[in-house]
Amino acid sequence: MTDTAEPDTAEPQLPKAYRPTDVEGPVYDRWLAADVFAPDGAGSTADPALPPFTIIQPPPNVTGSLHLGHAQRTAVEDLMVRHARMRGHPTLFLPGLDHASIAAQFVLDGILAKEGESRQSLGRERYLERMREFSESTKPIMLGQQRRVGASADWGRLRYTMDDVSAKAVRVAFERLYRDGLAYRTEAMVNWCPGCRTSVSDLEVVSSPETGTLWSIRYHLIDESTGEPDPAETITVATTRPETILGDVAVAVHPEDDRYRALVGRRARIPFVERDVPIIADDVVDRAFGTGAVKITPAHDPDDYATGKRHGLPAPTILADDATITNTGTQLDGLDRYEARRRIVAELAERGDLADERPHEMVLGRCQRSNDVLEPRLKTQWFIRTGPLATRALDATRSGRTRIVPDRFEKTWEHWLTNIRDWNVSRQLWWGHRIPAWYCPDGHVTVTSDPDGPTTCQVCGRPAAELQQDPDIFDTWFSSGLWPFSTLGWPDDTPDFRTYYPTSVMETGYDIIFFWVARMMMLGLHLTDREPFHTIYLSGLIRDPEGQKMSKTKGNVVDPLGVIDETGADALRFAVIHGTAPGQDQRFGRTKLENARNFANKLWNATRFVIGARPETIPSGAERRLPSEADLGPAERWILSRASATVEAVDAAMAGYAFGEVTRLLYDAIWNEFCDWGVELAKVRLADGSSTAAEREATWWALVEALDTYLRLLHPVMPFVTEALWGSIPHRASDPDLLIVARWPAPTGRDDRLERDVDAILELVRGLRNARAEAQVEAGNWLATEVVVPQALGATFEALRPAIERLARARPLDRRLTREALGEGRASTDGALTVIAGELEALAHRPETASDPAARDLERARLQRELDDARGWLEAARARLANDAFVSKAPPAVVEGARAREADLADQVARLEDRLQDR
RNA sequence: GGGCGAUUGGCUCAGUGGUUAGAGCACGCGGUUCACAUCCGCGGGGUCACUGGUUCGAAUCCAGUAUCGCCCACCA
């Protein structure tokens, strides 16, 4: 808390105009000053008896700035966090940043290129120094953006995937996986990106359908008598990558292929490298594809690698890290892969060994990051054995211990985890966590989590000085996979880990369910023996108004700060949550944002009205009190009952993670109920000289009560404006100073009968307005109106009479006892407007048009339309009831409802017919 | 090749088998009502992609079809 004692917190002035940017900064500062974000902060009002609620933020990459997607995620996470906090749970929203190894290097390399530098020119140490500077420079920007969005995160617990605690977690996790036999080092086929100069995991390969070329090439068979190739005898192979010829070690055919049966066991000469290789039989070969003979390049093709292994063939590597030809001893060494391809094809054509060349539809693997065409190649790397880990992750969701929202993603989850392959975690990059593995000259492997490395070789005891650490770093997702617990201090048994782990909800985009969520689950289960979260909430992606994915290259990314400057963070938050469903992409455009801003403005003005409408008999700064029952009128009871109904509905939606439903409920309740009717009804009573002071006070307190409820309910979505407004209305003695730590409202009970009665009367008002509008009666022209109200509604009607008069522009408003009495004593009812609304009926007189036949015809036509409509509905209702199956099989309540409806409609129709005859 | 999603008013989207399917924007008419023109009142506009099925009852559940989109998939 600061030492600034505010003299009059009870009723600060609200500016007339709503300016989000004026509100948001100061409000955020108050939250910070009050120390309410941390579960154990000075301003926390959490009930320690309740279970903690924890959200660990998906850490954005330190590569620059946040985009709209981040803002959306933050909004959803913060919504859940604020809701839990208001419900009294000790609530931790832990923020963080991700070092994003490959993504960050990609960005930095771009910056360096503009300076004429490169990774290589700087060297590892200087490069990492530049990276540290770069990431430090982006941090404040990104944290500032989160703050503007309104993240109520515990900044004191801010974490970074490259900080010391994470580094320790990475080492310990890897050591444990190694000891448990789940991390192993082997030579295997990996996806190599020549642009990034690193291997990438299978997930980082983007399949790209492209039209390539399928070349058919003749290899000459060896005449074993001379040991030289026979110019006439050839075997034709098909390939899309002729440069890999240089690495060929065999030609394979199907064992039952009669065309080639005789050739198996003979040898063929590989051009350029002039190597003689065997013709082998293997049933991987598809006889129908190409020529039915396949060249085998074990070092540069996953299938060929497997074939080579089966047949004990060598695997010469012919591509260097930058995808130039190497190690072939030919003129082609040093050439780029595509240049080599061109020359090889040209040379083969010249020699007459190019049998065919045709366009070929194929799927290329490209690098997710650089878009380079990936080369499969052999590398000795570290892998995580995912089989056993995936089994446990599957068990978590199948058992329901972890729930995925929306649940359809469980199918995707199942499919991926049941077909999962081992995870290549070695990256030949510099920015990231170095793999804590050391190798001795004898090839022994030592893995240790000791920050100083091993003292001796674990196998042969050689001293550390003779050991060499693996130069590679971990896939950035390895440290991300530890995030839910490394952030809480794991592997140490810290108080935070004990208190806040397992966490509650993991919110993220569905696009990284495999990259991240599955790995957190797998690593979390193995390393902590518990599911790291009970719920996975997957957000949809934000797209531009045309439905395109936002991306920097397309130039359609929206800067959240620009949006916030324009319409406010509250509007942004509301807009990204309103009208959406989990896992469903949304298009984001101006109108949604403007609508959200208008809603905030509406709330602002409604609150200004309430503050300004305080009866003089209530002193400024009065402590909040509930209105006394006796002084409540139907309008007040209706307002309070509806507010309670909204609490119930919002609670149900919240429980189902239906946040779009939450905003819809609140938008309707606040705008269409509270403002349009509640406030309008209250205005009349507040200004009514005939009501007592106690009644006027009760009206005001009822407004305050409902407004207070709505501000609380809306706070998780629109935290700034609700906090500012709440600060200006009276509070209960038990309330804290700030809404953010105030209690979530509980339903106070509904009065169904009263809601129905008031609704019936409001329906009459609507009917009168409608009739007036259609008849083009000027707003200022109050019509003398007669009305028939059923006995049961009499008291409610009388209590609301002044409001009805004003809202329906109906004065004098005479109540008749029977419908027959309508128009009694009038010279003529010609031109009068007839309104039938449920059981209520009204006749609004228009003396000035009483003798105008055109007006009369218009009114008749209007009634006729209503009658036709009503007849249609009645017919449908009767048809339904005429169906014996419906009556006997549908639940009694439904049948009863249908009967009541039929009766109502029949009555309506009869009355409309009646009135139409009179006119 | 497999899987998933979408298809609802002119546009963008909600809709969790049960009265007459909703909202915002856009559109039309009318408004200087003392909270709000970022507003108020009233209105027009939908055979819920198509076909079949389950059910007393289907936008909703099932099967199939079409179009668009996404994800997964080692065939040269």
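Chain identifiers are assigned alphabetically (A, B, ...) following the order of the sequence lines, protein sequences preceding nucleic acid strands; residue numbering begins at 1 within each chain. For clarity, every value in this text was computed on a predicted model and none was experimentally measured.
Distances shown here put a side-chain N or O of A/Lys411 below 4.0 Å from the OP1 or OP2 atom of B/rC4. Here A/Trp671 reaches the OP1 or OP2 of B/rC40: one of its side-chain N or O atoms lies under 4.0 Å away. Distances shown here put a side-chain N or O of A/Lys16 below 4.0 Å from the OP1 or OP2 atom of B/rC36.
When the nucleotides B/rC40, B/rG18, B/rA14 are ranked by their closest atom to the side chain of A/Glu661, B/rA14 comes out on top.
In summary, the aromatic rings of A/Phe289 and A/His360 are positioned with their centroids under 6.0 Å apart.
For the pair A/Leu681 CG and B/rU33 P, the computed distance is 19 Å after rounding to whole Å. Taking atom CZ of residue A/Phe409 and atom C1' of nucleotide B/rA6, one finds them 12 Å apart after rounding to whole Å. The distance between atom CD of A/Glu594 and atom P of B/rC25, rounded to the nearest whole Å, is 10 Å. Distance OH (A/Tyr667) to P (B/rC13): 18 Å, rounded to an integer number of Å. Atom C1' of nucleotide B/rC13 and atom CD of A/Gln586 are separated by 10 Å, given to the nearest angstrom. One atom, CG of A/Asn605, and another, C1' of B/rA35, lie 5 Å apart when rounded to the nearest Å. Rounded to whole Å, the distance from CG on A/Asn595 to P on B/rC13 is 15 Å. As a whole-Å value, the separation of A/Leu593 CG from B/rU12 P is 18 Å.
Looking only at distances, a side-chain donor or acceptor of A/Asp544 sits under 3.5 Å from a matching main-chain atom of A/Gln548.
If you check every strand for non-hydrogen atoms under 4.0 Å, A/Ala606 touches a base. Within 4.0 Å (heavy atoms only), A/Ala898 reaches no atom of the nucleic acid at all. Contact annotation for A/Pro376: no contact, since no heavy-atom pair falls under 4.0 Å across all strands. In this structure, A/Glu680 reaches the bases: a heavy-atom distance under 4.0 Å links it to at least one base atom across the strands shown. Contact annotation for A/Gln776: backbone-only contact, meaning every heavy-atom pair under 4.0 Å involves sugar-phosphate atoms and none involves a base.
Mapping A/His578 and A/Asn601 onto RNA chain B by nearest heavy atom places A/His578 at the nucleotide closer to the 5' end. Both A/Pro545 and A/Ala658 lie close to RNA chain B; mapped to their nearest nucleotides by heavy-atom distance, the more 5′-ward contact belongs to A/Pro545.
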Starting from the C-alpha separation in whole Å, work towards a yes-or-no answer on side chain to side chain contact (heavy atoms under 4.5 Å, CB included) for A/Trp671 and A/Phe599. CA-CA 8 Å; A/Trp671 202 315; A/Phe599 179 51; 3.7 Å; yes

Yes or no on side chain to side chain contact (heavy atoms under 4.5 Å, CB included) for A/Asn595 and A/Tyr667, after CA distance, side-chain angles and deciding distance? CA-CA 10 Å; A/Asn595 186 231; A/Tyr667 185 95; 3.1 Å; yes

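The pair A/Arg766-A/Glu763 meets the salt-bridge criterion, since a charged nitrogen lies less than 4.0 angstrom from a carboxylate oxygen.
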With the sugar-phosphate defined as primed atoms, P, OP1 and OP2, and the base as all remaining atoms, what B/S/- string results for nucleotides 57-76 of chain B, 5' to 3', for protein heavy atoms under 4.0 Å? --------------SS-BBB

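The line from CZ of A/Arg366 to OG of A/Ser208 is 5.0 Å long, rounded to the nearest 0.5 Å. A distance of 8.0 Å separates CG of A/Leu14 from CZ of A/Arg608, quoted to the nearest 0.5 Å.
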Here RNA chain B, pairs taken as Watson-Crick or G-U under 3.5 Å and shown with ( ), [ ] when crossing and | when to another strand, reads (((((((..((((....[...)))).(((((.......))))).....(((((..]....))))))))))))....

Please write out each protein N/O paired with an N/O of nucleotides 42-49 of chain B under 3.5 Å, distance rounded to 0.1 Å.
unit_1	atom_1	unit_2	atom_2	d
B/rG43	OP1	A/Asn770	ND2	2.9

